[in-house]
Amino acid sequence: MKKFRVLLLSVILSVLMALRAFASTEIGLNLDWRYAANSRINTGKAVLYTTDASHKKGITIAVNAGHGTKGGESVQTLCHPDGSKKLSGGTTAAGSVTSFAVSSGMTFSDGTPEHVVTRQLAHAFMKQLLAEGYDVLMLRDGEDVQLDNVARTVIANNRANCHIALHWDSTSQNKGAFYMSTPDGLKGMEPVASIWKKHENLGESLLYGLRKSGVKIYSSGSMPMDLTQTAYSTIPSVDIELGDRISDHSDACIQTLAKALTDGVNKYYGFS
Ligand SMILES: [Zn+2]
C-alpha cells in the first residue's frame with residue numbers, strides 16, 4: 001500500500017512538472033496599443049510559454065512562424081504606420097501603400113507549404129529557447145491563427161524583448177539563409193529610426209549562430225527589404241529566411257536550424 005502511495009505521488013508530481021514546463025498564457029491584441037488600430041485581422045491569440053529552467057533569463061523571445069492566417073490575402077493593411085509608400089518590392093510591389101494583411105507563403109518543390117515548415121521550426125526553436133531559460137511568445141502557435149502581420153508585430157512590441165520571424169524564400173536556387181535588413185529609405189522613419197541598428201545586430205547574431213552550425217549563408221547574409229514587420233517594430237526584430245523552395249527541410253535540418261538560431265539569440269544577449 002505504501003509503495004502504491006509513493007508511486008501515485010510520483011505520478012502526480014511528474015504530471016504537475018510536465019504541466020509546469022508547458023505553462024502558457026494566451027495574449028490577444030490590445031487595441032489601445034500603438035499601431036494596433038492599423039491591424040485588420042486580430043481575433044486570434046498569441047501564446048506565451050514560460051520557461052521552467054532553473055536558470056531563468058528574464059527575457060521573452062517572440063517567435064513568429066511566418067504565414068498561416070486563413071483569409072490573410074483577402075484583407076490589406078498599411079505597409080507603413082504613417083501610410084507612406086513601400087520602398088522595395090517583394091510580395092507587394094514598391095510604391096504600394098497597402099499590402100496583404102498576411103501573405104500565403106510559397107510551396108516547397110516537394111509540395112510542402114511554407115507555413116507548415118515555419119511552424120515546425122518555430123516549435124523546435126521554442127523548445128530550445130525554453131530549455132535555455134528564455135520565455136517564448138509564440139505569435140502563431142496553431143496552424144491557423146487569425147493575427148495579421150501588424151497584430152503579430154504590435155503584440156511582440158508590447159509583450160516581448162525581441163521578435164524573430166521564420167521564413168523560406170520563394171526562389172529555387174538553394175541559396176542559403178539570410179536576414180532581411182532595413183532599407184536605407186526607412187532609416188529616417190519612426191519607429192524604424194530609433195531601433196533599426198538593433199534589428200541589424202540581432203540579424204548578425206542569428207547569422208553567427210547559423211554559420212557556427214555550418215548552415216549555408218546566402219551572399220553577405222542580408223538583403224534590404226521593406227517589410228510590415230520592420231516598419232512597425234519598436235523592439236529588435238528580424239525576418240530570417242532559412243533557405244528557399246529547394247532547401248532541405250527534413251526533421252534533422254529543422255533541429256540544426258533551431259539550435260543555430262538559439263545560439264544566435266544567446267550571442268545577441270551576451271550569453272555565449
Ligand atoms: Zn515567407
Side-chain angles (χ1 to χ4, degrees), residues 41 44 46 62-77 79 86 88-94 96 98-126 138-153 156 163-183 199 202-203 206-207 210 215-219 221-233 237-249 253-254 257-258 260-261 264:
I41 302 176
V63 174
N64 187 351
H67 314 286
T69 301
K70 281 200 182 107
E73 291 195 350
S74 59
V75 189
Q76 300 260 319
T77 51
C79 300
K86 194 166 179 261
S88 62
T91 312
T92 306
S96 310
T98 61
S99 58
F100 291 144
V102 183
S103 64
S104 301
M106 60 79 174
T107 304
F108 283 88
S109 58
D110 66 0
T112 311
E114 183 189 354
H115 65 85
V116 170
V117 182
T118 60
R119 186 163 164 257
Q120 276 171 0
L121 177 57
H123 280 104
F125 188 22
M126 174 186 86
M138 293 291 276
L139 295 171
R140 180 171 72 89
D141 201 36
E143 207 162 302
D144 170 25
V145 174
Q146 292 292 302
L147 290 172
D148 60 22
N149 290 332
V150 174
R152 296 184 197 198
T153 302
H163 175 180
I164 300 168
L166 309 173
H167 288 266
W168 270 258
D169 203 11
S170 57
T171 56
S172 300
Q173 310 165 19
N174 190 23
K175 69 185 183 192
F178 62 100
Y179 73 92
M180 303 287 205
S181 59
T182 308
H199 299 337
L202 178 58
L206 297 180
L207 281 185
L210 291 164
V215 174
K216 185 179 174 184
I217 304 296
Y218 173 62
S219 185
S222 68
M223 188 189 291
M225 196 63 68
D226 184 350
L227 300 171
T228 300
Q229 180 187 341
T230 312
Y232 285 82
S233 284
S237 178
V238 157
D239 169 319
I240 188 134
E241 307 278 326
L242 282 320
D244 67 15
R245 289 185 67 240
I246 62 166
S247 299
D248 181 14
H249 56 91
C253 175
I254 294 293
L257 292 172
L261 293 173

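Both ligands and their constituent atoms are indexed starting at 1 by order of listing.
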From Thr118 atom OG1 to Ile254 atom CD1, the distance as rounded to the nearest 0.5 Å: 9.0 Å
Quick check on Glu143: does its CD atom have over 12 non-hydrogen neighbours (other residues, nucleotides or ligands) under 6.0 Å away? no
Using 30° and 60° as the class limits, which term best fits the ring planes of His249 and Phe108: parallel, tilted or perpendicular? tilted
Among side-chain atoms of Arg245 and Ser172, is any donor-acceptor pair under 3.5 angstrom? yes
Are the side chain of Thr69 and the backbone of Val145 linked by a donor-acceptor contact shorter than 3.5 Å? yes
Atoms named by residue and atom, protein N, O or S, within reach of the Zn ion (ligand 1) (under 2.8 Å): His67 NE2, Glu114 OE2, His167 ND1
Of all residues at least two apart in sequence or in a different chain, which pass the ring-ring contact (aromatic ring centres under 6.0 Å, His included) check with His115? none
